[in-house]
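Below, read A as the first sequence line, B as the second, and so on, with proteins coming before strands; counting in each chain starts at 1.
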Amino acid sequence: MAERSGSDLQALNKRIATQAVAAQCSDAFAPTDVERSIDQFFAKDFVVHETFPGLARDSVGTKQWNALIHEAVPDYNVTIEDQLAENDKVVTRWTARGTHKGKFQGIAPTGRQVSVTGMTISRFVDGKIAESWIELDTLSLMRQLGADPSRDNRRLQERGTGGVTFNITINE
Amino acid sequence: MADLNVADRNSTVQNVRNKNVQEQNISVVRQVFANVCNSNDLESAHQAINEYFAEDFRVNRTPPGITPTIAGTKRWKGKVMDAFPDYHTEIEDQFADGDRVVIRWRSSGTHLGEFQGIAPTGRKITVSGITISRFADGKIAESWVGFDTQDLMRQLGVVVDQDILCSKHR
């Protein structure tokens with residue numbers, strides 16, 4: 001019996017994780033609705049690991065991130081590819097897609113369609129997400145936006161180990 | 001009533017059986033981390049890959065020039081050993097659901113050999129990631145790896161200058 005109630009809880013956590021994704025990525029929602037949904041699905045002391053540089057690792061940073069995404073990629077949407085749960089954790093494997101129509105991480109709008117895959121592990125406490133670990137390949141995203149920091153490796157070798165080298169290729 | 005009890009008992013037996021398979025799958029993944037990722041011996045790492053992975057194994061993403069197969073996995077192991085001789089991966093979290101196992105990991109090492117065209121920098125790097133492995137007949141048939149290549153590149157001194165990007169696009 002304990003086994004069954006455990007799997008019920010996991011199913012519920014999966015559902016909440018899905019709703020949290022849906023609420024954040026629907027372009028039908030105004031940013032204020034997204035803010036409200038973050039308060040609804042995330043615990044007050046929510047912590048996120050491995051976020052984008054310059055963003056706080058809490059629900060405030062998550063709200064900022066959502067505002068940035070909605071501005072940069074107004075048609076942003078996420079497909080859930082797979083979802084697994086055990087005890088208090090849910091892992092979601094997802095693909096995010098959209099059109100780059102606003103400034104993103106310093107890159108002016110390119111009008112390009114972008115698609116990135118990633119994974120999120122969410123830890124639940126009392127039906128809310130208390131902690132998340134997010135892994136996505138931002139290099140793949142930057143490449144799709146026309147920036148490639150790793151293509152011109154020869155220049156890096158010439159510079160040696162000392163300084164930081166900017167290797168940028170803009171694909172027209 | 002008797003029927004219900006039989007059904008309940010059967011479902012409990014099935015649950016226990018599933019749990020055992022999941023524990024076995026987790027144990028295989030832990031052996032991969034110990035005997036492949038953290039092995040200092042290329043030949044024994046290759047043998048371990050043959051043992052734990054299905055012949056038609058596929059992975060969702062690979063570095064440039066690496067095939068998403070057993071052969072690619074072996075080749076990649078050799079490249080990582082050459083580039084980061086002290087490479088080590090820690091398992092930070094693990095769980096199983098159905099035929100899949102999730103591992104959250106953290107790898108570190110010192111960049112002492114050529115890596116993907118980048119000459120040795122002597123820098124210490126640490127990257128984190130998540131790997132989902134799907135099992136078929138006790139072997140890993142498919143993997144999905146989530147990790148941030150840009151974070152690794154930044155630590156190796158390769159970064160995108162966003163000001164340059166902006167001015168180019170203006």
Linking I/L/V/M/F/W/Y whenever their side-chain heavy atoms sit closer than 4.5 Å, directly or via other members, would Phe135(B) and Ile130(B) fall into one cluster? no
Are there more than 12 heavy atoms of other residues, nucleotides or ligands under 6.0 Å from atom CD of Glu71(A)? no
When rounded to the nearest 0.5 angstrom, what is the spacing between CZ in Arg93(A) and CZ in Arg100(B)? 8.5 Å
Counting only non-hydrogen atoms closer than 4.5 Å, can you tell me which residues of residues 50-57 of chain B sit against chain A? none
If you count heavy-atom pairs under 4.5 Å between each of Lys89(A), Glu81(A), Gln83(A) and chain B, which one has the most? Lys89(A)
Indicate if Val48(A) and Tyr76(A) have the same hydrophobic cluster label, given that clusters are the connected sets of ILVMFWY residues with side-chain heavy-atom separations under 4.5 angstrom. yes
Decide, yes or no, whether a salt bridge links Asp97(B) with Lys14(A) under the criterion of side-chain N to carboxylate O below 4.0 Å. yes
Which residues in residues 74-86 of chain B have any heavy atom lying under 4.5 Å from a heavy atom of chain A? none
Start with the C-alpha distance between Asp148(B) and Leu136(A), add both sets of side-chain angles, then the distance that settles side chain to side chain contact (heavy atoms under 4.5 Å, CB included), and finish with yes or no. CA-CA 6 Å; Asp148(B) 191 6; Leu136(A) 76 149; over 6 Å; no
Thr149(B) backbone acceptor or donor facing Asp137(A) side chain under 3.5 Å: yes
To the nearest 0.5 Å, what is the distance between CG on Leu84(A) and CZ on Arg134(B)? 12.0 Å
Shared hydrophobic cluster for Ile121(A) and Val101(B) (ILVMFWY, side-chain gaps under 4.5 Å): no
Rounded to the nearest 0.5 Å, what separation is found between the CZ atom of Arg61(B) and the OG atom of Ser140(A)? 7.5 Å
side-chain contact (heavy atoms from CB on, under 4.5 Å) test vs Met119(A) passes for just one of Val102(B), Val145(B), Ile132(B), namely Ile132(B)
Enter the distance from Phe147(B):CZ to Glu135(A):CD here, rounded to the nearest 0.5 Å. 8.5 Å
Answer with yes or no whether the hydrophobic clustering places Ile134(A) together with Ile69(A); edges join I, L, V, M, F, W, Y residues whose side-chain heavy atoms lie under 4.5 Å apart. yes
If two hydrophobic side chains count as joined below 4.5 Å and joins carry through other members, does Val127(B) share a cluster with Val158(B)? yes
Asp151(B) meets the salt bridge (charged side-chain N to carboxylate O under 4.0 Å, His left out) criterion, sequence neighbours left out, with none
Got a second to check how far Leu152(B)'s CG is from Leu139(A)'s CG, nearest 0.5 Å? 9.5 Å
For side chain to side chain contact (heavy atoms under 4.5 Å, CB included), just list the numbers for Phe95(B) and Val91(A), CA-CA rounded to whole Å, side-chain angles, deciding distance to a tenth of an Å, and then say yes or no. CA-CA 10 Å; Phe95(B) 58 94; Val91(A) 61; 3.9 Å; yes
Residues at least two apart in sequence or cross-chain that pass side-chain contact (heavy atoms from CB on, under 4.5 Å) with Gln14(B), listed by chain then number, are Arg17(B), Asn18(B)
